[in-house]
Amino acid sequence: MSQQPALDPAATMDSQETLSREIQQIGEDYAAQSTTETQPRLNFPPYRSSLLRHPTKSLQLADPETIELWAPAFGERDVHPLEADLTIQHNGEPIGERIVVSGRVLDGDGRPVRGQLIELWQANAAGRYMHKRDQHPAPLDPNFTGVGRAITGPNGEYSFTTIKPAPYPWKNHHNAWRPAHIHFSLFGTDFTQRMITQMYFPGDPLFSLDPIYQTIVDPKARERLVATYDHSITSHEWATGYNWDIVLTGSNRTWMESDLGDAHADEEDH
């Protein structure tokens with residue numbers, strides 16, 4: 001008779017089945033209401049590790065001039081085109097499926113947003129971040145740091161070459177796994193205007209089990225976070241391609257995380 005694995009003492013004792021029932025009930029309650037929610041719920045009980053740290057009060061306005069005196073700053077001339085290729089930052093080839101992620105940044109009227117600084121970060125092909133707090137027992141890749149940046153072109157276009165990340169466990173509940181994803185950060189005209197979101201890959205079986213993905217209770221809004229496989233971006237014997245547009249405003253806008261702290265929450269819960 002096989003033995004059940006020991007519960008992780010750093011995780012909650014709740015099972016995936018418990019979380020899935022809660023997620024299903026929230027989805028059914030949302031479907032029965034007449035309003036549409038396109039942004040994530042801050043208070044989402046299945047997202048256990050956020051219950052004591054999600055914002056409960058309105059954000060406070062800060063003096064941007066004071067912040068910018070101390071924040072880093074650079075212009076588009078300081079971002080080299082090669083920084084968008086995460087596979088050439090070290091002496092060797094990183095391990096994993098090479099991919100190209102391309103798309104456009106658009107406003108709510110479909111107009112391109114040019115000159116937009118985009119940063120991304122992600123786990124490697126084994127599902128581990130190059131971060132000291134990530135102690136997930138998967139191998140680090142010395143040839144893959146998992147960070148890059150680019151500036152959108154005249155038509156709002158961007159393109160990154162990278163490695164497809166793997167799912168990874170986190171401590172929200174017992175046997176919790178996050179779908180494979182890439183974090184995106186977009187700056188506006190200064191460093192006080194920052195939006196953060198996540199891009200997912202089509203067909204991931206972990207979507208329905210993930211409390212973070214499910215914090216967006218509207219199915220169509222969730223789907224806007226999932227890239228599309230695009231064979232026109234795929235290149236012969238080199239890389240598979242995905243397309244993902246980011247819409248900043250309007251009813252079809254891409255979900256953005258509410259504040260900077262949320263962006264690293266899942267990595268810190270490893």
Side-chain angles (χ1 to χ4, degrees), residues 72-105 112-168 178-187 191 194-202 204 225-246 254 263-264 266-267 270:
F74 52 87
E76 59 185 74
R77 289 176 298 177
D78 299 316
V79 180
H80 195 281
L82 292 181
E83 293 184 66
D85 189 342
L86 283 67
T87 68
I88 60 172
Q89 298 173 343
H90 299 277
N91 293 327
E93 289 281 344
I95 297 172
E97 176 188 345
R98 187 183 296 106
I99 62 173
V100 173
V101 178
S102 298
R104 302 174 69 199
V105 178
V113 179
R114 61 182 63 87
Q116 173 73 61
L117 172 62
I118 303 179
E119 296 178 324
L120 64 76
W121 64 94
Q122 62 169 94
N124 65 20
R128 185 165 179 181
Y129 288 93
M130 186 74 79
H131 190 283
K132 64 181 180 180
R133 295 190 64 177
D134 187 348
Q135 298 299 311
H136 168 39
L140 289 169
D141 186 341
N143 293 316
F144 189 74
T145 303
V147 296
R149 60 182 182 174
I151 300 287
T152 57
N155 294 313
E157 72 275 19
Y158 73 88
S159 184
F160 288 96
T161 301
T162 183
I163 297 296
K164 188 175 183 180
Y168 57 76
R178 293 235 55 220
H181 60 277
I182 297 176
H183 298 267
F184 276 73
S185 165
L186 292 90
F187 284 99
F191 270 63
R194 188 184 190 191
M195 294 185 290
I196 298 171
T197 187
Q198 298 178 19
M199 186 208 86
Y200 296 86
F201 293 87
D204 197 312
L225 296 180
V226 182
T228 302
Y229 172 75
D230 190 332
H231 204 64
S232 68
I233 300 174
T234 296
S235 54
H236 180 66
E237 294 189 352
W238 180 248
T240 54
Y242 293 88
N243 179 269
W244 191 54
D245 289 342
I246 302 170
T254 305
H264 300 278
D266 49 323
E267 296 100 310
H270 267 185

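Residue numbers count from 1 along this sequence.
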S.K.: Please round to the nearest 0.5 Å and tell me the distance separating atom CG of Leu120 and atom CG of Leu86.
M.R.: 5.5 Å
S.K.: Using 0.5 Å steps for rounding, measure from the CE atom of Met199 to the CD1 atom of Ile182.
M.R.: 4.0 Å
S.K.: Listed by chain and number, what are the side chain to side chain contact (heavy atoms under 4.5 Å, CB included) partners of Leu82, not counting sequence neighbours?
M.R.: His80, Ile88
S.K.: Considering residues at least two apart in sequence or located in another chain, which fulfil the side-chain hydrogen bond (donor to acceptor under 3.5 Å, both in side chains) criterion with Ser235?
M.R.: none
S.K.: Please name the pair of heavy atoms, one in Ala166 and one in Ala125, separated by the smallest distance, quoted to 0.1 Å.
M.R.: CB-O, 3.2 Å
S.K.: Does any N or O in the side chain of Asn143 come within less than 3.5 Å of the main-chain N or O of Pro94, such that one atom is a donor and the other an acceptor?
M.R.: no
S.K.: Can you sort out the partners of Thr234 under side-chain hydrogen bond (donor to acceptor under 3.5 Å, both in side chains), two or more places apart, ordered by chain and number?
M.R.: Tyr229
S.K.: The criterion is side chain to side chain contact (heavy atoms under 4.5 Å, CB included); which residues satisfy it with Pro179, sequence neighbours excluded?
M.R.: Tyr200, Asp204, Leu206, Phe207, Asp210
S.K.: Could you walk me through whether Ile163 and Ile95 pass side chain to side chain contact (heavy atoms under 4.5 Å, CB included), step by step?
M.R.: CA-CA 8 Å; Ile163 297 296; Ile95 297 172; over 6 Å; no
S.K.: For the OG1 atom of Thr254 and the CG atom of Leu225, what is their distance to the nearest 0.5 Å?
M.R.: 7.0 Å
S.K.: Could you tell me which residues satisfy salt bridge (charged side-chain N to carboxylate O under 4.0 Å, His left out) with Arg98, sequence neighbours excluded, listed by chain and number?
M.R.: Glu93
S.K.: Identify, with sequence neighbours excluded, every residue that meets side chain to side chain contact (heavy atoms under 4.5 Å, CB included) alongside Ala126.
M.R.: Asn124, Ala138, Pro139
S.K.: What are the two closest heavy atoms between Asp78 and Arg149, and how far apart are they?
M.R.: O-NH2, 3.5 Å
S.K.: Show your working on side-chain hydrogen bond (donor to acceptor under 3.5 Å, both in side chains) between Asp230 and Ser232 and close with a plain yes or no.
M.R.: CA-CA 5 Å; Asp230 190 332; Ser232 68; 2.4 Å; yes
S.K.: Minimum heavy-atom separation for Met130 and Thr145, please, with both atom names.
M.R.: CB-O, 3.6 Å
S.K.: Among all residues two or more places apart in sequence or in another chain, which pass the side-chain hydrogen bond (donor to acceptor under 3.5 Å, both in side chains) test with Asn243?
M.R.: none
S.K.: Do the side chain of His131 and the main chain of Arg133 share a donor and acceptor less than 3.5 angstrom apart?
M.R.: yes
S.K.: To the nearest 0.5 Å, what is the distance between CD (Gln122) and CD (Gln198)?
M.R.: 12.0 Å
S.K.: Search all heavy atoms of Ala123 against all heavy atoms of Gly127 and return the closest pair with its distance.
M.R.: CB-C, 3.7 Å
S.K.: With Pro142, which residues qualify under side chain to side chain contact (heavy atoms under 4.5 Å, CB included), at least two apart?
M.R.: none
S.K.: Working to the nearest 0.5 angstrom, can you tell me the gap between His231 NE2 and Tyr242 OH?
M.R.: 12.0 Å
S.K.: For residues Ala180 and Phe201, report the shortest heavy-atom separation together with the two atoms involved.
M.R.: O-CD1, 3.7 Å
S.K.: Just jot down the side-chain hydrogen bond (donor to acceptor under 3.5 Å, both in side chains) partners of Ser185, sequence neighbours excluded, or say none.
M.R.: Arg194
S.K.: Okay, side chain of Thr152, backbone of Val113: is any donor-acceptor separation there less than 3.5 Å?
M.R.: yes
S.K.: Would you check if Thr162 and Phe144 make a side-chain contact, meaning some heavy-atom pair closer than 4.5 Å?
M.R.: yes
S.K.: Report, one line per pair, each donor and acceptor closer than 3.5 Å where one atom sits in a side chain of residues 153-160; sequence neighbours left out.
M.R.:
| residue | atom | partner | partner atom | Å |
| --- | --- | --- | --- | --- |
| Glu157 | OE1 | Asn155 | N | 2.8 |
| Tyr158 | OH | Trp244 | O | 2.6 |
| Ser159 | OG | Ser102 | OG | 2.9 |

S.K.: CD/Gln89 to CD/Glu83 distance, rounded to the nearest 0.5 angstrom?
M.R.: 8.0 Å
S.K.: Determine yes or no for a side-chain-to-main-chain donor-acceptor pair under 3.5 angstrom, with Asp245 supplying the side chain and Arg104 the backbone.
M.R.: yes
S.K.: For this output row, return yes or no: ring centroids of His181 and Tyr168 closer than 6.0 angstrom.
M.R.: yes
S.K.: Quick one: does Ile99's side chain get under 4.5 Å of Glu97's, heavy atoms only?
M.R.: yes
S.K.: Could you tell me which non-hydrogen atom of Pro202 sits nearest to which non-hydrogen atom of Ala227, and how far apart they are?
M.R.: CD-O, 3.4 Å
S.K.: Would you confirm whether Asp134, through its side chain, and Tyr129, through its main-chain N or O, come within 3.5 Å as a donor-acceptor pair?
M.R.: yes
S.K.: Apply side chain to side chain contact (heavy atoms under 4.5 Å, CB included) to Leu117 and Leu186, showing your working.
M.R.: CA-CA 6 Å; Leu117 172 62; Leu186 292 90; over 6 Å; no
